[in-house]
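Whatever order the structure lists them in is the order used to number ligands and atoms, beginning at 1.
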Amino acid sequence: MNNRQIVKVLTLDDFDLKDKTVFLRVDMNCPIDPETREISGTRRIEEAIETLDSLKESKVVIGSHQGRVGNSEYTGMDKHAKVLQELMGREIKYVEDTIGEAAQNAIKNLKNGEILLLDNLRLCAEENYEFAPENAAKTIMVSRLSKLFDLCVLDSFPSAHRSHPSIVGFSQVLPACAGRIVEREVRNLDEIMTVAKAPHVIVLGGSKIPDRLEAIKLLIQNGRADHVLLTGLIGNVFMRAQARIKSPLGIKREDEVVAKAHSLIGEYPDVFATPVDIAIDKDGARVEMDVREMGKGDKIFDLGPKTVEYYSKLIAGAGTVFISGPAGFFEKENFSYGTKALLNAVANSMATTIVSGGHLTTALKQQGLVDKIDHISTAGGALVLYLTGEKLPMIKALEEAAIKYKSK
Ligand code: 3PG
């Protein structure tokens, strides 16, 4: 692959961490069950532990977001504190505040070896906007809280593509380094990119459509996608652009995203593959059919066997495969077939393989396929963008912080 990223960042091993008050930005953005409102997958919380273990002699203040304002996964972090406490067997202090007096006092009262989790950072309005780093440094969040910290540790790789204050602001005014997740991700991805071979096959599902469309274009332009095999909601958007799905999908900004998909197909006619057959939910039962047989109001829940066979052949011929996002409603046993079958095809291919996103990571574990994959990451959109060769805002912030620190 071309456009290889060589990333030079500082790590926790470059600092004396004892007695320091550390701001640790993690990504504990977890799936939330829409009915119970409980966390339904704890992988990202589990992942935070390695860095926390390296900070045993510090006063640690953890910040994370959960969901987006207004969506069903937008909640406080109290549940995350309980899960983390149980997993670590150590007390996790929690404050229902982000940048106010309660949060500031809780930070000031921390002792060495203690961990405090702040509430959902997106409760602070500023954290919902993208800033240039120098402006992020001037936000109320960064100007208030940075006075209380000695070091900023960035470990939220799944949100490395966001230039939010907690991600790009603190490193402007404080020494900053990567946590263990970010350190491992950039090291492994750099190594993989060096040996990755064509043809590059991207298997793309997922629901954050505008992000996905932007990334697809960059992947193709940068020579990192010879075939893009579409699944999930993004697959439906492309099938609508091909006029193979007749009824509207009922998603946000539908006309705009369908038009973008349409122009991508026009620009790169040989790159995209879309499903031939699918499965719908008929009163709880799985019913398979060709896409052209779909009735008005039928909702796609999974891929059908012909599509799996077609995609599996392209995967078998790949030099590098990157798969991100489930192929259907993987959580429902009836509709997990496509996701499981494609993961099997990826695991059994001779290609260099990268699997991205929380759902697929869970599915791989369930199927005992973890050892057959070259790189597994709970990151979704951030990893897709990383593979385009674009420098992500968090990585850029860490590289700049390393240069600044070394020149002192
Ligand atoms: C993710 O799950 O992709 C990250 O946590 C980023 O979340 P966002 O797309 O809401 O910024």
May I ask you to check whether F238 and F272 place their ring centres under 6.0 Å from each other? yes

Quick one: which ligand 1 atoms are inside 4.0 Å of a heavy atom on N29? 1 (C), 2 (O), 4 (C), 5 (O), 7 (O)

I'd like to know if the side chain of R180 pairs up with that of S54 as donor and acceptor (distance under 3.5 Å, no hydrogens or angles considered). yes

Go through ligand 1 atom by atom and flag the ones less than 4.0 Å from a non-hydrogen atom of H65. 4 (C), 5 (O), 6 (C), 7 (O)

Ligand 1 atoms nearer than 4.0 angstrom to some heavy atom of R68 are 8 (P), 9 (O), 10 (O)

Using distance alone, with no hydrogens and no angle criterion, decide if E191 and H375 have a side-chain donor and acceptor under 3.5 Å apart. no

Ligand 1 contact by G380, heavy-atom criterion under 4.0 angstrom: no

Can you tell me if Q66 and H80 form a side-chain donor-acceptor pair at under 3.5 Å? yes

Note: ligand 1 atoms sitting under 4.0 Å from heavy atoms of R162 are 8 (P), 9 (O), 11 (O)

With a 6.0 Å cut-off on ring centres, are F301 and F335 close enough? yes

Given the side-chain rings of F15 and Y405, with only the six-membered ring counted for Trp, is the space between their centroids under 6.0 Å? yes

Short side-chain donor-acceptor distance under 3.5 Å, R244 and T274: yes

Among all protein heavy atoms, pick the one closest to atom 5 (O) of ligand 1 and tell me residue, atom and distance. D27 OD2, 2.7 Å

Identify the protein heavy atom lying closest to atom 1 (C) of ligand 1, giving its residue, its atom name and the separation to 0.1 Å. K208 NZ, 3.4 Å

Check R44 against ligand 1 and report side chain, backbone, both or neither, counting heavy atoms closer than 4.0 Å. side chain

Heavy-atom contacts under 4.0 Å between R122 and ligand 1: side chain, backbone, both, or neither? side chain

